[in-house]
Chemist: 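My questions will all concern the structure given below.
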Amino acid sequence: MSKKRLGNCIRAVLFLVLLSAMMLAVARVLSRPHALYWAEETGMDLIHRFRDDYDVVFSGTSIVIANVSNQQLYEQYGISGVSVGEPLQPLFLSRYVIREVLRYQHPKVIVVDARSLFYTDEELEERIRDDEEEIVHYALDSIRSLTLKKEALDQIRDKYADIDYKAYFSRLYDKHNEWKQLDESHFRGYGEADCINGNVMMTNLHLVTGTIEINDVINPENEEELRLIKEECEKNGTDLLLMTAYIDSDQSRLDKIRELAEKLQIDYIDINENLGRLQFTEDQMVSDYIHFNVLGAARWTDYIGEYLTERYSFEPHSEKLDSMFRSQSAHYGDYMEYLSRKQALTPNCSFKAYLEKLRQYGPENISIFVSVCDEAYYMLDEEGKSALKKLGLDGPSAFREGFAGVCTPEGTEQAHSVTEKVSVHGQTGSMTYTVESAGSDAAGGARASIVVDGTEYAPGTRGFNIVVFDNRLGKMISSKCFDTYSEANPADAG
Amino acid sequence: MSFVTYEFIGFVFALMLLYFIVPLKVRCYVLLAGSLAFYQGAGWKDMLFLGAAAATAYICGLLIAMFRGPVPDRRRPKDTGEAEAADSGRSHKDQKGKALAVLIVGLLILFGMLVYSKIGTRIQIALSQILGGKGITWAVIVPLGISYYTFASVGYLADVYWKKDRAEKNPLKLLLYICYFPQILQGPIPKHKTLAPQLNEGHRFDYERVCFGLQRAVWGFFKKLVIADRLSIMVREVFDHYLNYTGFIFLFALVGAVFQLYADFSGCMDIALGVSEAFGIKLDENFRRPFFATSAAEFWRRWHISLGTWFKDYVYMPLSTSGWVMKIGKFFRDHGGRTAARNAVTTVPLLVVWLLTGLWHGTGADYVVWGLYWGGIIIFSTWMAPVYRKLNQRLGLTNDLHWWKEVRRFRTFGIYMVGRLLTLPGNLATSRWIGRKIFTWNPWVLFDGTLFQLGWDYKDAVVAIIALLIVWRVSVLQENGVHIRQSVSKWPVVFRWLFYCGAILSVMIFGIYGSGSSASTFVYMNF
């Protein structure tokens, strides 16, 4: 080959390398990470990164994302686990995810949640077509194997949709229209705050009550998929564990799952059989409908830990993995503490008792924002003033006086006036806040406003409006109003 | 296979690889195989038509060449001798009649296929009405690219008949000329004499030439995907739902339609010429910055150049030198003077040319009117040329005056816009209706957000405007003789490569394609 030809070849190759690098970079920017809530990618990231290092892999729907805690499993039982799941993920997609997992891991057991057994054909088709095939993308985008992707797409195409294969093999092709929505979030990495080991940290206390409709017939196609998953696991010498990890009052449905597990000879665990033993209380441990909060996940995970410890022995883990878990320990602990405080502050209590709890937590852990609406001085007694003083706040000093005060790790700031609206604003940690207060005689009328990072949190009714934030997580713990115009030690007006 | 697909890009690279690997002598056959592979996606029926056209051109070409004798070597001196001249005259005269007969048969077959594909559906409907729907079950096929390869074949036969070109003895090489893949879908309409030698000789790999060709193709993709397909969203919304709009919205959409058609067609040409250039084959330019034209005639020397050239060479010139047109000219000279004669000799062929041009674009009344509209303007300009010359002289208006040039360009653009309006809606009644409504005075609709309810948002509009400005700037540079690709090739390598990567990425990111949208076809592929 002549020098010129060789030079041209090298130039062409270098150009293609540069172009490919730019395409990858652009594709990465345009693919806004969606891991704040839905954790498929972060879970699979970990699968790829820590080869042959996981003892347990949870796969399936949002049940495995929210209702187990892999950090708890490691800290309490030394079992390394990771969750790779997506809300409403059909079982057949879970099968491809599991196949990808088994290319990189040899876990002792794969745990699949039973929820998706009941998805009907119509539901499956709807989920595949929804939102530009979002569910399919979440599952397949995290799979590296092109063969697996193609197989999955072929299966989808046979039955459900006119699927554009190119969108799954080229991120740039799929996301090229995202330039219209470009914003700061495209340039940030994954949202770490709410996602640990593929688990999303749910921190609500029974936000939504009631139950959602779940079909009560096991779809034969899903049964077949479960059988195929079992075959895959057996090929790799991995056990399969079927899990019902949501509160289900329909015993017949639970019985069907158990029967299926017995029929396919799959181990099966069900939280509903262990609620008493686990002292599992819905109002404290459920976030919404069927998802547990971090306390509920930890409680259920304790059962899983015991179950697995009794049946398996686990090898020591790599330094890298161990270091990763340990590095997350503090962050995980923050969530547990946050929810504990939330649990403590949520029930109705008196004004003074509430202030006392806040004092105990201390300004290093929480930030307190106070705004008086209309009038809060009339019945405020010395004990109440003393309780406020212990927080470093004076409170209103005259009838119908507006008062705005904040108590943060940076210190205390407050303002008050009878005739004018007062405000205090600043920044604590990464949170920016504006607290405004106007007494009933203030120009413009009475109001209370506590805005943190652009969102209004104050209840806005008469009395002391108090909003409490967790400093480490930057999340609201409590928002209450106490009407000290009407009584000295009122209960939460909300 | 459409140009704007990953399959086409993969096909081009695979074919290039194969082309430059095989020995020089067989490279033309690689091109032929590739062209047939490219065309086979249209279906076997289309392939049949293509085969029939190629077979007709091949057989008729050989026969015509046999009857007409060898093509004279125009490099030889003129004084060949009387005997030789007499002999050749006698033998030409004898054979010319037969050659003409063969030519006519060939043209009938070729044009017959073209006419059938164009109006076959109308014939079927008419027959169906006559026969009460009985027996009318066949589907009329409109083979892909039939207009282009028919004209290429006809031009070849005519050149062989006029002894401007030699008949091709190798059927495969003639087939390659007819079905050469970059041009079969939308042109340019080739001439056998200039294209065939390039196709038949194998070309060596030339790094710079390949790069230049691919750069031009990227430019074509930019015009097509970023501009044309983006404007098409807005244009289609307005003209498909014209009853919802009035006034300045029509004006805006019409301007958009003009640029959309230009970007679509010229973009395709850039892709075709760029890909061909990469193979070492130089196709004729089909566009030369038409919106810089200062007259209607000049516009058509810059827009779809190969079509205009074809009609000039094979319709206008033969007509204008034909006996009956000469008779018309004589009549006008005797009764009206030399100017009248000159005008008559040009008017009649022009009318025919523009009528046929309209019919080539479409068989509906709107296209006939469109053709006559352009013909009328050009004919009128020809008649009035002496008057305009005197007027301009008196007023001191020359093309050296920048503002006067811009006025003429603007006028020509306006003429083109009206022409576009005649055919865009699909029928004359709608064109008339829109033409009346366009004069509704409502300029505020351009500023009150209405423009962003036409199927695209302000970001699309911004991208379209910036892209059009880029095209305009490039056109200005080219009009001033700057060779863009060569200029860029002189930049430092870092900037050059970033520029190229940026261009490719801008097509990939801002192009209208991908999941959720179907790959849109080029407008002129419908012909």
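The basis for the numbers below is simple: all heavy atoms, side chains too, and nothing from hydrogens, waters or symmetry mates. Every chain is numbered from 1 and lettered A, B, ... according to where its sequence line falls, protein lines coming before strand lines.
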Chemist: Would Leu19(A) and Trp497(B) satisfy side-chain contact (heavy atoms from CB on, under 4.5 Å), going step by step from the backbone distance to the final call?
Modeler: CA-CA 9 Å; Leu19(A) 180 63; Trp497(B) 280 17; over 6 Å; no
Chemist: Of the backbone (N, CA, C, O) and the side chain (C-beta and beyond), which part of Ile509(B) lies under 4.5 Å from a heavy atom of chain A, both, or neither?
Modeler: both
Chemist: Please lay out, stage by stage, how Trp179(A) and Val463(B) fare under the test side-chain contact (heavy atoms from CB on, under 4.5 Å).
Modeler: CA-CA 11 Å; Trp179(A) 63 270; Val463(B) 167; 3.4 Å; yes
Chemist: Non-hydrogen atoms of chain A under 4.5 Å away: do they reach the side chain of Val493(B), the backbone, both or neither?
Modeler: neither
Chemist: Measure the spacing between CZ of Phe15(A) and SG of Cys211(B) and express it to the nearest 0.5 Å.
Modeler: 8.0 Å
Chemist: Step through it carefully: locate the ring centre of Tyr513(B), locate the ring centre of His176(A), and say whether they are under 6.0 Å apart.
Modeler: yes
Chemist: Out of Met22(A), Lys4(A), Lys180(A), which one racks up the most heavy-atom pairs below 4.5 Å with chain B?
Modeler: Lys180(A)
Chemist: Taking the side chain as C-beta and beyond, is there a heavy-atom pair between Tyr207(B) and Arg11(A) under 4.5 Å?
Modeler: yes
Chemist: Please assess Asn177(A) against Ile512(B) for the test side-chain contact (heavy atoms from CB on, under 4.5 Å), listing each intermediate value before the final yes or no.
Modeler: CA-CA 8 Å; Asn177(A) 262 325; Ile512(B) 300 289; 5.5 Å; no
Chemist: Please list, in residue-number order, every residue in residues 6-30 of chain B that has a heavy atom less than 4.5 Å from any heavy atom of chain A; write 'none' if there are none.
Modeler: Tyr6(B), Glu7(B)
Chemist: Taking atom NZ of Lys459(B) as the centre, does the number of heavy atoms from other residues, nucleotides or ligands within less than 6.0 Å exceed 12?
Modeler: yes
